[in-house]
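Heads up: the structure comes next, in structure tokens.
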Amino acid sequence: MTRFQHPSAIGVVGRHAPNLWDALAFSLLFGAIILISRGGSETLVPIAALDRHPVSLDPAMLPEYALRTTLRMLAAMAASVVFTLVYGALAAKSRRAEMVLVPILDILQSVPILGFLSFTVVGFMALFPGEVLGVELAAIFAIFTSQAWNMAFSFYQSLKTVPRDLDEASRAFHLSSWQRFWRLEVPFSMPGLVWNAMMSMSGGWFFVVASEAISVGNVTFTLPGIGSYVALAIAHSDLAAVGWAVAAMLVVIVLYDQLLFRPLVAWADKFRVELSAGAVAPRSWLLDAMGRARVMQILLRPIGSALSWATRQRFEVPVPAGARGALKGRWADGAWLAVVLLVVAYTLWTIARFVATELAWSDVVTVIGLGSLTLIRVLVLIAVASVIWVPIGVWIGLRPKVAERVQPLAQFLAAFPANIVFPFAVVLIVRFGLDPDIWLSPLMVLGTQWYILFNVIAGASVFPNDLKEAAASFHVGGWNWWRKVILPGIFPYYVTGAITASGGSWNASIVAEVASWGSTTLKAHGIGAYIADATTAGDYPRIVLGVVVMSAFVLLFNRLLWRPMYVFAARRTRLD
């Protein structure tokens, strides 16, 4: 007797049967696992293997080098995300932590990457003696220092500008601080964080050359990667190899744009704060494929359930309440401020003792004067970059279709190593007899101007559609539309982009104020050239003096200009 299956059971089996989208998803998943395994296995070999297999200019090696560099950048990005969530939350939620963490962040983004490598590489290599893994961790940390700061600033800015009505609604539903963090604050910050993550990945390419060639004493360890390939090509004056490296970078950027950032942008669009839906939502073919893959959804469901369970837990941070608690808070704030001032005073006294062994007050005055020249360059360059990129960023961000097409191009331009342009600048300046003090200045902002563009695009892309419709209904146009509608809407994002761009410009001044081509070296007067010369000469008192004065300029610059803008954005341009 024939046994027939119930039609509903057949329908259930059909809904969960594998399809072509599952084949695509499994191919991408297992391909990623194989690539990660292959690249990761190379980090466990003895360090002597770097000498047995030196970096080659053979273009056939570029796929392997691209894999190694990409894995380092992704590992640094994962560390940057964890750092951002912890550091940004502490700075935004605690007055006492904010007093210390924000100035430290201002200083860290202006410290040259070689300054980090000089004291971290020995520690990482000591953790894994005789293994490539120690050098790999040092390289990943160096890339991390080029990615984390602007992401932390973006998250801090977002937490400071969470709409009050949404915060009040979360408290009305009795959400704990843990639940508010994962269900309100992190989702609200996600669009800006995704765009800053893209900028961080692109900005990391600028430092790949330095991070993949690490020196310990008189020994240099060169890790296989696109950065070391570019460095070798420049050393051999091989323009064809530089072209192959740039082509490999373009391919890698397009791949991680399509497989990582395009899905993230489309996913983050659902966290927009608005009352009406936007006209066009960003799309991702990979996100659509994962949504249609039946078996993959079943396999990923336990992970989603676990994450949802974790965000629903009612962890609570105790907050003092009442007059007695407020009094204790004021006393604690005063004590904390006193401790911070004592630590700062002791640090400055120690630095002054070290510098005074070889330098006099006249040297300090000289360095302050050079810092003032660099400050003028930074102010002018950020103003010019703002005038150029704010309108372009608004135009792109308000048009999702355009943003999808421009996104990989903008990432490539941001990732293009600006130091490759330096020799051409030297040739042009010498050929036309131009003033290095003026014409070397634009090199400072070549790699940092993109922070402004990416943040403005992020701000414009999440600008509420209902506000755009209201402005159109009241026929607000022209300059009034810019002054009363869009500029206030993107202002918090612009401040984040400008503060990271200015910090990066101070950092870039060390290589931009001294540019060489062959036997020709041009120098501009500024604190960047001063630190570069002191580093070349191994003059540590002058190096310390230059870095301290630069850090002081960055702190004052941020406190007198950018910090008031942050406060204004938090009070007057919130989407309440």
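Because the structure is a prediction, the values reported are computed rather than measured. We use all heavy atoms of the structure for the numbers below, so side chains are in, but hydrogens, waters and symmetry mates are not.
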Q.
I'd like to know if the side chain of Q147 and the backbone of M77 have a donor-acceptor N/O pair within less than 3.5 Å.
A. yes
Q.
Any non-hydrogen side-chain atom of L440 less than 4.5 Å from a side-chain atom of I429?
A. yes
Q) Between T145 (side chain) and A142 (backbone), is there a donor-acceptor pair under 3.5 Å? A) yes
**Q.** side-chain contact (heavy atoms from CB on, under 4.5 Å) between L434 and L428, intermediate numbers included
**A.** CA-CA 8 Å; L434 304 176; L428 292 176; 5.6 Å; no
Q. Salt bridge or not for E513 and R377, using N-O below 4.0 Å?
A. yes
Q | Approximate separation, where rounding is to 0.5 Å, of S372 OG and H525 NE2 | A | 14.0 Å
Q) Is it true that a side-chain atom of E212 and a backbone atom of S228 form a donor plus acceptor pair closer than 3.5 Å? A) yes
Q.
Working to the nearest 0.5 angstrom, can you tell me the gap between S154 OG and L159 CG?
A. 9.5 Å
**Q.** Partner of M73 under side-chain contact (heavy atoms from CB on, under 4.5 Å), chosen from I140, V252, I143
**A.** I143
Q) Measuring from R72:CZ to L67:CG, what's the distance to the nearest 0.5 Å? A) 9.5 Å
Q. What are the two closest non-hydrogen atoms of A91 and L101, and how far apart are they?
A. N-CD1, 3.9 Å
Q. With a 4.5 Å heavy-atom cut-off, do L260 and L74 have their side chains touching?
A. yes
Q. Looking at G227 and T69, what are the two nearest heavy atoms and their distance?
A. N-OG1, 4.3 Å
Q: Working to the nearest 0.5 Å, report the span between CE of M550 and CG of L370.
A: 10.5 Å
Q | Separation between OH of Y493 and CG of N455, rounded to the nearest 0.5 Å | A | 9.0 Å
Q) Distance from T366 atom OG1 to R542 atom CZ, nearest 0.5 Å? A) 9.5 Å
(Q) Which heavy atom of I226 sits nearest to which heavy atom of A248, and what is that distance? (A) CD1-CB, 4.1 Å
(Q) Can you confirm whether V55 sits close enough to Y65 that some side-chain heavy atom of one is under 4.5 Å from a side-chain heavy atom of the other? (A) yes
Q. Which of parallel (below 30°), tilted (30 to 60°) and perpendicular (above 60°) describes F491 and F568?
A. perpendicular
Q.
Is it the case that the side chain of S505 and the backbone of V445 share a donor-acceptor pair, with hydrogens and angles ignored and the cut-off at 3.5 Å?
A. no
Q) Is a side-chain donor-acceptor pair under 3.5 Å present for S386 with Y494? A) yes
Q.
In the structure I gave you, are the side-chain heavy atoms of N150 and T496 within less than 4.5 Å of one another anywhere?
A. no
Q. Hey, does the side chain of S94 reach the backbone of L90 with a donor-acceptor pair shorter than 3.5 angstrom?
A. no
Q: Ignoring hydrogens and angles, tell me if any N or O in the side chain of T500 forms a donor-acceptor pair with the backbone of Y451 under 3.5 Å.
A: no
Q | Heavy-atom closest contact (A501 atom, I452 atom, distance) | A | CB-CG1, 4.0 Å
Q: Verify the ring-centre separation between Y87 and F83: is it less than 6.0 angstrom?
A: yes
Q: For the pair W195 and F454, name the ring-plane relationship: parallel under 30°, tilted 30 to 60°, perpendicular over 60°.
A: perpendicular
Q: Could you check if a side-chain atom of M198 sits within less than 4.5 angstrom of a side-chain atom of V265, using non-hydrogen atoms only?
A: yes
Q) Is N196 reaching over with its side chain to a backbone N or O of G192, donor-acceptor style, under 3.5 angstrom? A) yes
Q | Heavy-atom side-chain contact between L57 and W244 under 4.5 Å | A | no
Q. Do the side chain of D363 and the main chain of A360 share a donor and acceptor less than 3.5 angstrom apart?
A. yes
Q) Between T357 (side chain) and R353 (backbone), is there a donor-acceptor pair under 3.5 Å? A) no
Q) Can you find a pair of side-chain heavy atoms, one from E136 and one from F128, that are under 4.5 Å apart? A) no
Q | Heavy-atom side-chain contact between V132 and L223 under 4.5 Å | A | yes
Q. Quick one: do K523 and D533 make a salt bridge, cutoff under 4.0 Å?
A. yes
